[in-house]
Structures are given as C-alpha cells and as structure tokens.
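Reading through the structure tokens given below for one structure.
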Amino acid sequence: MSDAANRPPHFKQPLLTTPFHSRTRACSTVDQFVAWAGYTTVDVYTTVEQEYFAIRNACSVYDLTPMVKYRITGKDAENYLNRLVTRDVRRVKPGRVAYSVWCNDDGHLIDDGTIFRLETGEFLLCTAARQLDWLLDSAIGFDVAVEEVTESIAALSLQGPTSCAVLKALGLRGVERLRPFDIGRFVLGGADMTVSRTGFTGDLGYELWMTPADAVSVWDRLMIAGASSGIRPIGSQALDMARIEAGFIMPNIDFVPAEASVRIGRGRSPFELGLEWLVDLKKGHFNGRRALVAEQKRGAARRLVGLDIDGNKPALKALLYADKSCRREIGAISSALWSPTCKRNIALGLVDAPYFETGRQVWAEIYLCRELEWERRVARGVVVEKPFYAPARRKVTPAWDR
Amino acid sequence: MTAIASAKRYDAVVLGAGHNGLIAACYMARAGLSVLVVERNPYIGGAAVSRQLYQDFTYSNCSYVCSLLRPEIMRTLELPLHGLQIIPYEGGCTMMRDGGHLALYDNHDALRREISRHSKRDAEAYDRFARDMLRQCRFIKPLLMRTPPDPTSFKPRDLMELLYLGQRFHRMGETRMYETLRFWTMSCADFLDEYFESDIVKAHLAGSSIIGTALGPRSPGTAYVLLHHYMGDIDDAVGAWGFARGGMGAVTNALAASFQASGGEIRCNAGAERVLTSGGRAVGVALADGTEVRAATIVSGLDVKRTFLGLVDRKDLPAEFHRQVENFKIRGSSGKLNIALDAVPSFPAIPEGAPCIRGDLHITDSIAMMERAYDDWKAGIWSQAPYVDMLIPSQIDPTMAPAGKHYMSVFVQYCPYELASGSWDDGKRQAFGETVIQAISRQSPDFRKLILHAEIRTPWDIENEVGLTEGNIFQGELTMDQLLFNRPVPGYAQYRSPIRGLYMCGSSTHPGGGVMGAPGANAAREILRDLRRDDLRLDGLH
Ligand SMILES: Cc1cc2nc3c(=O)[nH]c(=O)nc-3n(C[C@H](O)[C@H](O)[C@H](O)COP(=O)(O)OP(=O)(O)OC[C@H]3O[C@@H](n4cnc5c(N)ncnc54)[C@H](O)[C@@H]3O)c2cc1C
C-alpha cells in the first residue's frame, strides 16, 4: 500500500502494477506484457515453450494478484453465497475451497470463480470480472458485508510436480498434507501466509495469499528454495496452454458473461458449458434456479465439449460442421491447442445437439496462413471427455514432495 | 409587391440551407433532379455553422460537437472529399463545488479507477450502464435511416416496416422488452439510480439528458434524450464525440460543395415567404425579394411550425393537422456563449496534465442542482446556477483560433425563450452572459480576464438568426409523443405533408434533431420514391 501514494495518476498510467512487479519485470527478457484486470502483467518471460514445461515438469510461478477478490463476511455470509451461486455452499467447510459459477435470472453465467471459506462467516470470492454492483444488489436482505479487496491481497500460483517440494524447502512444514481444495495457514519469516491447494492447470499446485508488503520477500525466498527444483516464473500464455489441457473455461473466450453481453442470445447456462456438476438444484432457491430447472427438463440445445482433432494444426476459431463438405454448421471452436504433453490436437468448442455427444464425429474448417498464402483444411474431430490431461499427482495426498 | 417570376424552373426547391436541407438536396441532385436551395441568411449552415465574428477566431456558433452525423451519408455524399474531417476528442470532467472532480476517460482502467475515487460500486456498475446504453443503441440505430411506418396503414410497405419493428422488439426477449419500454419513458434520474449511488457520477452522466430539452433530469422521457446523444459514433466507437475540423460549418460547407458538384444551386439572402399552391398542390415558392420560383417539389428544412404556420396558407391545411402543428412542443431552453480567449483558462479542480481538459467540462455536481436550474427556467428566468457544456476545441483543432489563443464554446441550459420579466433586450442578454461567466469563474479564477470577446446567444437570438422556433435546438422536443411515427405529428411521419408536393426534411421529422442528417436523407428517399426515381438505388438509402 505504501507505494500507492507515489504512483503516477491513473490518467497517465491506467494500469496498476502488482506488488511483485519489481521482480516480474526483472525476470522478463522479451518485454511482453499484457493488461489483465487493470494490471500490467507478464505475457511471456522468455519463451512460452519453456514456461509451459515448467508447469508440467517442475514448478511454475504465476503472479495471480490481478484476480478480482471480494471479501464476504457476516452472519448471513453462507446463506448469501448459497443464494448467489449454483453450488451448495453449506457443504464447503471452513478451510475449504470450491469452484462454482453464478447465474442471472435467465440461468446464464455471470461469471465463474472460486469460493474460499476462511472461517465460518468469512469467505473470499475470486472472480475474473468486476461485479461489485451485482454482489451488493444480491446482498439486499442479508446480514453481510461485501468488500472488494483485490489490491490488499498479493497472490502467487505455484503449479507443477515439484511445487510441493519447493514449498517444503521454503519451510512450510506439513504443506504436503493439504488435500486438493484445502486451505492452510503458515508463518514464513514472521509473516502470515495462506496456502490453498488450488490452481488453473489441472496439475499438482498451490496458491499463496499474502499481504502486499510481504510479496517481494516471499518471491525472493521462493526463488532460492526452488532453485534446485526447476522453479520458473511463467506468463499468461503458458498458463493458457495448461488450462486448455485441463479443460477449464475462460470468460470472454469460451463464453460471454451474461451481464456483459450486448447482443441477444449470447448468454450461456452451466449446462451448455458442461458445468452441470456445479449445479445443485436440490439445495433450495438460488439465482437462476427456475430457468435451470426448465432447461434441465428441455435438455440443452448445445454444449461446450472437448474435441480431439486430426492433424497438428490448432483449430483456432474454426467453425464446426456435421459433414466433411461443410454444409451443415453445428458450432464453433473457442479454444484450441496442440498439446505438447498429450501430443494431441485439442480444442474446446460449442456444439449443437445431438452432435455434442461423446464419440460423435464433427468437421473443423481450419484456415492456415503459410507465408501470406491461405490454406483451408477440413479436419475430422471427435467429441471426447475432458480433461485432456489429468495426472494422478494432482489428487494424491500427501502430495509428491520430491 | 408584384411577383417577378424566376426565369429558371427547377424540379425541386429546398427551403433552408441547414444540414438536413442540404442533404436532401444532395440526394435529389444526384438522382438527376435540378435543385435549388434557398437560404434566408447571407450564409449557409443553419445550426451547423462556423463564423468569424472576432479577428481570426472561428466560432461554431450553434452546434459544436459532431458524432451523430450518419457515416453512410458522409460516405455517399463524399463529404471527406469535400473537406469534412471529424476529429474525436477524449473524455470530459465535472468540477465539484468542493474542489473535487470526476473525469471520464476513454481508457477503461483509467475510467474505473477514476470513478472508484467516488464509489467503488459505481466504478464496477459503469460497465453495466454502458452495456445497457449499447443495447438500446443497437435497437434504435437501424431505425434512424428508415422511414417510420404508419401504424394505421395497411399498405404493404407500412406493414413490412411495422413487422420489422415488431420483430426487432420481440427478439429482445421479455425482460429486455420491459426494460426498453421503461427506458423510453422514464426520467434520466430514475434511470441512473438503477446503476449508481454517487451523486457526482449521476450528475456527470445526466448532462446529456437535458441538453436542448425543456425538461429536467427528473422529468419522464429524459432517459431517451440521453440515448439520443449516445447514438453517434466515430468509426465504430459508440458514444464517442468529436469536432468537425474548422467548426461545424465544415459539415454544411462540405455538403454545399458536394451539392454543387452534382449541379445544384444555392441562393443566400433568399428567404422563402410563401409556398405557392394550386388545387392543393405545391407549385413553387415566393421569396422575400418578390421572386417566385416554380417547382413541383418543395422541400422544407425549416421546423414544422415555421413551415406550416408561416409559409403555407392555413386554408390549405386540414384543421386537425393545423391544430397538431400548433401544439407541437418546441420550447426553447438553451443559450450559448462563444468566447475568444487569450489562453486556456486554469481550472484548479482538474489535476495538472489530465487530458480531460480537452473534453467537455461541467460545473453541475448533483442532480438536485441540475433540477434546480430547470426550476428557474419554469419560473421564466435563466438558471442562476446554470448547467454548462463547455469545450475548448482549439486545443485539438488548430484552425479555430490564432496560435496560443483559444476558442471556447459554452452551451448553457436553461435559458427561457420568454422571460417572466418580458422580452429579451441587450441589458438582459448581457446579464445572462454575466451569470454564465460568473458560474464558470467559480471554477476558474483567471477565466474572466482571459476573455477577448464573447458572443452571447439566447433562445430568442437563436430563433431570429437560425429560424429555430423558440430557439429549440432539436426543432421540437424529443419525447415519446413526438418520436418515431409521431414525429412531427401523427399521420405525417413519412416526410410528406397534407399539401401534395410539399415535403419536410428538417429535424422536426424522424429521427429528430442534432447534426445527424438522417431526416434529410430519409426525406429524399420518400421524395424520389414519389417521383419514381428511387430505381436509382442511391447507396446508403435503403
Ligand atoms: C446552440 C445550439 C447548439 C447545438 N449543439 C449541437 C451539438 O453540439 N451537436 C449536435 O449534433 N447538434 C447540436 N445542436 C442541434 C443541431 O444543430 C440542430 O438540430 C440541427 O443543426 C438542425 O438542422 P436542420 O437542418 O434540421 O435545421 P436548421 O439548421 O435549423 O436549418 C434551417 C435553415 O433554414 C433557414 N431558414 C429559416 N427560415 C427560412 C426561410 N423562411 N427561408 C429560407 N431559409 C430559411 C435557416 O436560416 C437555416 O439555415 C445545437 C443547436 C443549437 C441551436
């Protein structure tokens, strides 16, 4: 907070820097930054490839600070969140984290995010988009306080097979006993740190939450502790590869948040996005429930599914067809990647019924620019189960620590 | 006076060289008609005009910002080729009585951080507000360049258009249909209350809802006026505002050049006195100098009152139409100061180096203060603490003032057409100007001493110079009862009048005022259809 006062005014420098900026800036060799949720963050440090393999092979460090955070406290905090989101929050015990989505009255996704239950009456809601007005409006009638706390919490994500080993080397004793979605409290060099076994890579990994004042010293200690475990800072591009392999969706890439869409018919329900496992229609009333009950009866007209596509050219933004001659359009791809770990050409795409069923064959129309000349390819794709990559280590407790 | 018949006959005569008259004239000339435009003033432009009244300063005397002008018109009529250039400006600012300020910036993150200085909640609600404005814009925009359907007609074209309207509306889905209906009729203050808690945020955004209207921010219907001002865009940046390089006269000068390039003729100092009719049909126009010009098509760019109560024999009009025109709401409520400045005034409330100084500046920091300004107008006095929309275009457009000097345009809301104390005179005009200068001086200590020259214009002056009845800038209030198929009056929303051959093309017609050009273009389309020239399929006219 101390540097907030000396910051250039927002009209001269609209983007904020995170408390790790002095370190992330120094590690960046290619000067590739990207605006994320009001902060300037690293897109690529050195090479995307190397950074990606830090996630799957060793230990990656990602500056997570810009993630929008709301602290929700009060007697009715549990009831409030339970009314807001699709999951049953009563089943999220203190010290646990739950991934969830929340909907508008039409049952369309406003956002997805993680709910950290820190205490019985204290939650942290981490989201992609800012929505304080929605959260406050939803709080009417509940005895809760909702506070936007993004700037007052610094966060790092440590992901990869050696991430637990690095944390142990850092001195976090017992960290290996955290189960997936557990929250642990630790003291590091006299400073409090919260650690959750969570992440956006589908791998073994942890997220570290601390006050901004401790950020730089935690970073420095981590780099020393992880030196022999292949620790490496990674930018957003490498993370995006891992999240596609893990089958995670991104707002504004794989769906448009309902409350941000301008055009008619752009809202998407959790069923359409393949997130029915997050919807608990039996828990009592919540936002969008009525619409979701109706949709469940009707059956979804389309669905975001995983696709395995022939060849090795990522089917970026490709249209999908039922037939090889590309006459009947049945959807489009929103995320695509040649997966370096699976050695498969994978994608996420929204597909019409009935083509979204697992095992169905679809055709992707891919355009490739080869030295300024365009080539069109129609590649066969098969609807497959997600995630594309799910190593056993992500779930094992005690976690791998070597 | 004996009539002197003009030697030359024209296919069409357009009354008034305002931008809409010129646009209608351009399209007709391009369709091969011989067209004459007659203008009462010694100069063209109407309310889109640039004039030099003091040394080398150029004033945009009436309208001062441009973005509503339909891009399809600019393109079809080749206005850039004829010298028109629109330059966007960034943001704006409201200075507060307590020394604070709220600025608006184009950059999304700068804007959020700026609003969050006043309310974190409002900073995050702004996106929802912007989204809803966009949603409404998307509904209404395609209607701008279309002739409104007559809901009582069974003509296939009207039915098709009604169907189009109905379908667009229906496709919104139930919730948005309700939202839209509410939006079209609610007050701006109520509308903003649905998004924001901070008074300064609401006050800043509400400004556009009162500009040019004889309504207050709490009057029903003002939410729509807000949208009317948002409707413009510059090269796809929705809601963006800009300057016409060289002042707003650049718009009408480019139109005149385009018109002349297609063989059109413009006559200034040629006020129309009377529309000549024969057997209920227009046959020509008599000018103030006694000349009569014959033409089978007469197109009036004047407002509906001036046209039908001033130029037409009342006996030629159906009583119902006549009554409706008399009751057409066209109350004047705006004044304007055009000021030559020795330098850019200092505004201590605005931080050093903030780009908002080059945007629109305001000094009304609450809805209550704005409503209070309106109360004065109702009482027949100019607002004692007026709302001003003030810009210094010379910071961006170097052609407006000599180097180092500046031109400031100050639009003032509210100012009555008729004062409770009687008619306007020189002394009252000066006193009105003094009120405005004082109000600005409260935010700018050196403002007064930088003034080299000031042109002060009351609604009365605007009426007398531009011909806008009562000085109403939109040629008629933009309320639901006077919009779409009700504009200007029910049954006559398709640019035709009860007199065959006499058409309307000014801002009194759909979709209304502002330098938008849609009325002129739509009118031309209807005229050409009647003349069976619409087979020419002019690009940009559906
Ligand atoms: C002070 C002020 C500020 C404004 N600010 C803005 C702004 O910033 N942005 C914006 O988009 N809009 C603004 N407007 C509104 C906009 O300028 C007008 O709505 C628009 O210019 C009207 O154009 P028009 O062609 O329909 O009519 P007009 O411009 O009114 O044209 C009518 C023409 O007819 C002429 N005329 C009148 N009587 C006769 C006669 N008997 N014979 C021949 N000719 C005659 C007039 O001289 C005039 O040239 C403003 C208006 C005013 C007055």
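Labels below follow one simple rule: chain letters A, B, ... track the order of the sequence lines, proteins then strands, and each chain is numbered from 1. Every heavy atom of this structure was used, including side-chain atoms; hydrogens, water molecules and symmetry mates were not.
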Chain B contact via A/Leu16 - side chain, backbone, both or neither, heavy atoms under 4.5 Å: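 Both parts, heavy atoms under 4.5 Å.
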Interface moiety of A/Leu15 toward chain B, non-hydrogen atoms closer than 4.5 Å: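 Both parts, heavy atoms under 4.5 Å.
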N/O donor-acceptor pair under 3.5 Å between A/Asp76 side chain and A/Asp143 backbone: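 Looks like yes, one N/O pair under 3.5 Å.
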Under 3.5 Å: donor-acceptor pair, side chain of B/Gln167, backbone of B/Tyr164: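 Between the backbone of B/Tyr164 and the side chain of B/Gln167 there is no qualifying donor-acceptor contact (under 3.5 Å).
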Would you call [X] and [Y] a salt bridge, taking side-chain N to carboxylate O under 4.0 Å as the test?
X: B/Arg121; Y: B/Glu124; result: no
X: A/Arg303; Y: A/Glu276; result: yes
X: B/Glu161; Y: B/Arg146; result: yes
X: A/Asp31; Y: A/Arg25; result: yes
X: A/Glu151; Y: B/Arg113; result: no

side-chain hydrogen bond (donor to acceptor under 3.5 Å, both in side chains) between B/His229 and B/Ser208, worked out: CA-CA 6 Å; B/His229 284 104; B/Ser208 307; 4.9 Å; no
Contact summary for A/Tyr99 and A/Gly113, nearest pair of heavy atoms: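 Closest approach of A/Tyr99 to A/Gly113, heavy atoms only: CD1-O, 3.3 Å.
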Nearest heavy-atom neighbours spanning B/Ser444 and B/Pro345: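 Heavy atoms of B/Ser444 and B/Pro345 come nearest at OG-CB, 3.4 Å.
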Criterion ring-ring contact (aromatic ring centres under 6.0 Å, His included) on A/Trp102 and A/Phe286, from CA distance to verdict: CA-CA 9 Å; A/Trp102 45 106; A/Phe286 62 92; over 10 Å; no
Pi-cation contact, B/Tyr126 with B/Arg112 (under 6.0 Å, within 45°):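 So B/Arg112 doesn't make the cation-pi contact.
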Aromatic ring pairing B/Phe169/B/Phe139, orientation class (parallel under 30°, perpendicular over 60°, tilted between):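 Tilted, since the angle between the ring planes falls between 30° and 60°.
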Is it the side chain or the backbone of [X] that comes within 4.5 Å of chain A heavy atoms, both, or neither?
X: B/Asp127; answer: neither
X: B/Arg138; answer: side chain
X: B/Gln136; answer: neither

Best-contacting candidate, B/Ala110, B/Ala130, B/Ser119, against chain A by heavy atom pairs under 4.5 angstrom: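 If we count pairs closer than 4.5 Å to chain A, B/Ala110 comes out on top.
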Residues of residues 256-266 of chain A contacting chain B, heavy-atom criterion under 4.5 Å, by residue number: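 The list, in residue order, reads A/Ala258, A/Glu259, A/Ala260, A/Ser261, A/Val262, A/Arg263, A/Ile264.
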Chain B contacts, top residue of A/Trp134, A/Tyr39, A/Tyr70 (heavy-atom pairs, under 4.5 Å):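 Result: the option with the highest number of such pairs is A/Tyr70.
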Pick from A/Gln13, A/Arg130, A/Glu148, A/Gln131 with the largest number of heavy-atom pairs that fall under 4.5 Å of chain B: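 Among the listed options, the one with the most contacts to chain B is A/Arg130.
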Per-residue contacts, residues 183-202 of chain B versus chain A, heavy atoms under 4.5 Å: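 If one takes a 4.5 Å heavy-atom cut-off, no residue of residues 183-202 of chain B lies near chain A.
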